[in-house]
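Notes for the one structure printed next.
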Amino acid sequence: MTPNWSQLWTFITNPKDTTSTNSISPSPSTLRRIIRSLSLLTFFSILLYALYIHFQPSTIPQPPELPESPDLPPPSPEDTYKSIYGYPPTNPTIPPLHIHDPSILYDLPTNTYYAYGSGPHIPIHSAPTLQGPWTKAGTVLDADSILPKGDRKAPWAPTALLHDGTFYVFYATSHSGCRDSAIGVATSSTPGPGDWVDHGAIAISGRGERGKEFPFDRANAIDVSVVVDYTDTTQSQPQLSEGEPSLKEGDENKPKGKGYMTFGSFWTGIWQVPLKPNLLHMDKQGNEEERVKHLAHEPTAIHPPTKKADGLCGDTTGMHPVEGAFISYHEPWWYLWFSWGKCCHFDPEKLPKAGMDIRVGRSPSPQGPFVDKQGKDLVDGGGEIVYGSNGDVYAPGGQGVLSGEVEGDVLYYHYLNKSVGYEFKEARLGYNYLTYVDGWPVPL
């Protein structure tokens, strides 16, 4: 018997309506069948809903789609290295060229690089490229220097340049930690060994009458560097010293330029004096304040004085670690580079935090004043740090700049490799090409 659904609905909605002629009360068996049908219907409805929920894919809110960014190249090993150490890695020579206080020049006629460094009779190395291989070619001096002071067998910190067809190597002799020093110069018609003439002292500091002259009465006559300003066309021919050759016929048409000798280490820092046209003598004409320039100094004593400091060997005011000056030109600025900090004789158990670093200031004139990015004068302790210890590179210093390279200016220096050792003999040549950002040199 099929349930009468209309009667059931009437019974459910109005169970007390017994007056209707069409209403009948369902039998108990009918009610049981109806309840059973409703139960089955409810069960299957719940089952279908559970299956729907189970198999319905989840809808997780998704972030709005962003426009695709352009593909960026992965960082280069050099950029990664710089992000870790703060400086780019050095370019080492292969095999290592062991050298201290390097000075490098490029000889165009022979397509050869020449490197001059501290050591017995000023060693000369040559190479077809900066990376090498470097070969010992000989020495500048055939015998001990004729300078009257210091270690005359092993001159210090030479600077080489070509001026008016003549090669010059300026150098100094002294004893470590002493201000009793001398600056000399040798010249040659070629950059290699065999033709050098030692001309003797240009300047003397410390003992002797010449050491009492300003500024040699307070400076150390070492770490000499010479730059010639060829942009200065206003220089007239000065008076000649006794024995100084006069201009030959036709020489008046040659670019004369103006030479400046920069020097100094620790004590009162870095100074500059002008040179005569042949670069063999100081030019003492004119007002002393105009021709003698104080270019850089560390006013603070970074280290205390040694126990035996007497003012001549050891500064009684403490150590003021500024030295190794070098002047370069990159239009329209002149740059004074110098080394700041401890250079050598390191104790591996008591290393300074970063050893030595390379700093710079700039000026519109080779005579300064030179300032750093913040406008602080280098005489007041200013100086922009350009390159310092990084990775295995420790205490880079004794720097110079090779200008006019195809790939740009090159900053070169000596450094120690921490994985090898800290002995003086382990110093080696490294270099980085330079770019200029807002007029400030940045190593690559």
Side-chain angles (χ1 to χ4, degrees), residues 101 103 116-123 139-161 163 166-188 195-228 238-245 258-285 288 291-293 295 311-313 323-327:
D101 303 313
S103 179
Y116 310 81
S118 297
H121 301 164
I122 311 176
T139 60
V140 171
L141 305 179
D142 295 328
D144 294 355
S145 168
I146 62 175
L147 294 182
K149 295 189 175 192
D151 184 354
R152 296 185 296 158
K153 179 179 180 180
W156 292 359
T159 290
L161 61 89
H163 171 63
T166 298
F167 291 92
Y168 294 76
V169 168
F170 297 85
Y171 66 91
T173 56
S174 187
H175 290 292
S176 182
C178 293
R179 202 176 61 78
D180 198 28
S181 313
I183 292 173
V185 61
T187 61
S188 174
D195 190 33
W196 292 89
V197 177
D198 195 356
H199 295 276
I202 299 177
I204 289 175
S205 63
R207 295 186 180 92
E209 289 302 314
R210 294 179 65 180
K212 297 178 182 178
E213 298 176 4
F214 177 77
F216 302 97
D217 58 344
R218 63 202 65 192
N220 193 5
I222 65 170
D223 288 3
V224 58
S225 173
V226 172
V227 64
V228 180
Q239 296 178 359
L240 302 177
S241 301
E242 183 178 352
E244 185 175 0
K258 182 61 182 176
Y260 298 95
M261 183 176 76
T262 306
F263 60 94
S265 175
F266 284 61
W267 272 273
T268 56
I270 296 166
W271 297 79
Q272 184 191 84
V273 294
L275 295 176
K276 292 191 174 182
N278 64 6
L279 308 185
L280 301 180
H281 307 276
M282 285 188 288
D283 184 357
K284 297 183 180 180
Q285 294 186 88
E288 189 175 77
R291 59 183 177 82
V292 178
K293 302 296 182 181
L295 299 183
L312 190 64
C313 286
E323 60 182 354
F326 185 93
I327 294 179

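Because the structure is a prediction, the values reported are computed rather than measured.
Judged by distance alone, the side chain of Ser118 and the main-chain N or O of Ala157 form a donor-acceptor pair under 3.5 Å. Asp198 places a side-chain N or O within 3.5 Å of a backbone atom of Ile146 that can act as its donor or acceptor partner. A side-chain donor-acceptor contact under 3.5 Å links Tyr168 to the backbone of Asn278. Proximity of a side-chain donor or acceptor of Ser188 to a complementary backbone N or O of Asp195 within less than 3.5 Å is detected. Looking only at distances, no side-chain donor or acceptor of Thr173 sits under 3.5 Å from a matching main-chain atom of Leu147. Checking side-chain atoms of Ser205 against main-chain N and O of Arg179 turns up a donor-acceptor pair under 3.5 Å.
A salt bridge does not link Arg210 with Glu213: every distance from a Lys NZ or Arg NE/NH1/NH2 to an Asp or Glu carboxylate oxygen is 4.0 Å or more.
A distance of 9.0 Å separates NZ of Lys284 from NZ of Lys276, quoted to the nearest 0.5 Å. Note: Phe266 CZ to Asp223 CG = 9.5 Å, rounded to the nearest 0.5 Å. The distance from the CD atom of Glu323 to the CG atom of Asp101 is 8.0 Å, given to the nearest 0.5 Å. Atoms OH and CZ, from Tyr260 and Arg291 in turn, are 12.5 Å apart once rounded to the nearest 0.5 Å. To the nearest 0.5 Å, the span separating CE on Met261 from CD1 on Ile183 amounts to 4.5 Å.
A heavy-atom distance below 4.5 Å is not found between the side chains of Thr166 and Leu279. Taking 4.5 Å as the limit, some side-chain heavy atom of Pro274 sits within range of a side-chain heavy atom of Lys258. With a 4.5 Å cut-off on side-chain heavy atoms, Thr187 and His199 count as touching. The closest side-chain heavy-atom distance from Trp196 to Asp142 is not below 4.5 Å. Within the 4.5 Å cutoff, side-chain heavy atoms of Leu141 are placed close to those of Tyr171.
Sorted by first and then second residue, the pairs that involve residues 144-160 and meet salt bridge (charged side-chain N to carboxylate O under 4.0 Å, His left out), not counting sequence neighbours, are Lys149-Asp180.
Heavy-atom minimum distance, Gly117 versus Pro123: O-CD, 3.3 Å. Contact between Phe263 and Ala221 at its shortest, heavy atoms only, is CD1-CA, 4.2 Å. Taking all atoms of both residues into account, the shortest heavy-atom contact from Val140 to Ala186 is CG1-CB, 4.0 Å.
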- Item | Phe216/Ile204 under side-chain contact (heavy atoms from CB on, under 4.5 Å): CA gap, chis, key distance, verdict | CA-CA 7 Å; Phe216 302 97; Ile204 289 175; over 6 Å; no
- Check the pair Arg207, Leu312 against side-chain contact (heavy atoms from CB on, under 4.5 Å), reporting the backbone distance first and the verdict last. CA-CA 9 Å; Arg207 295 186 180 92; Leu312 190 64; 3.2 Å; yes
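Partners of Ala160 according to the side chain to side chain contact (heavy atoms under 4.5 Å, CB included) rule, which considers only residues two or more places apart in sequence or in another chain, are Ser103, Leu105, Tyr116, Val169.
Side chains of Ser265 and Asn220: no donor on one and acceptor on the other come within 3.5 Å.
Exactly one of Ile270, Val273, Thr159, Val226 qualifies for a side-chain contact (heavy atoms from CB on, under 4.5 Å) with Thr262. That residue is Ile270.
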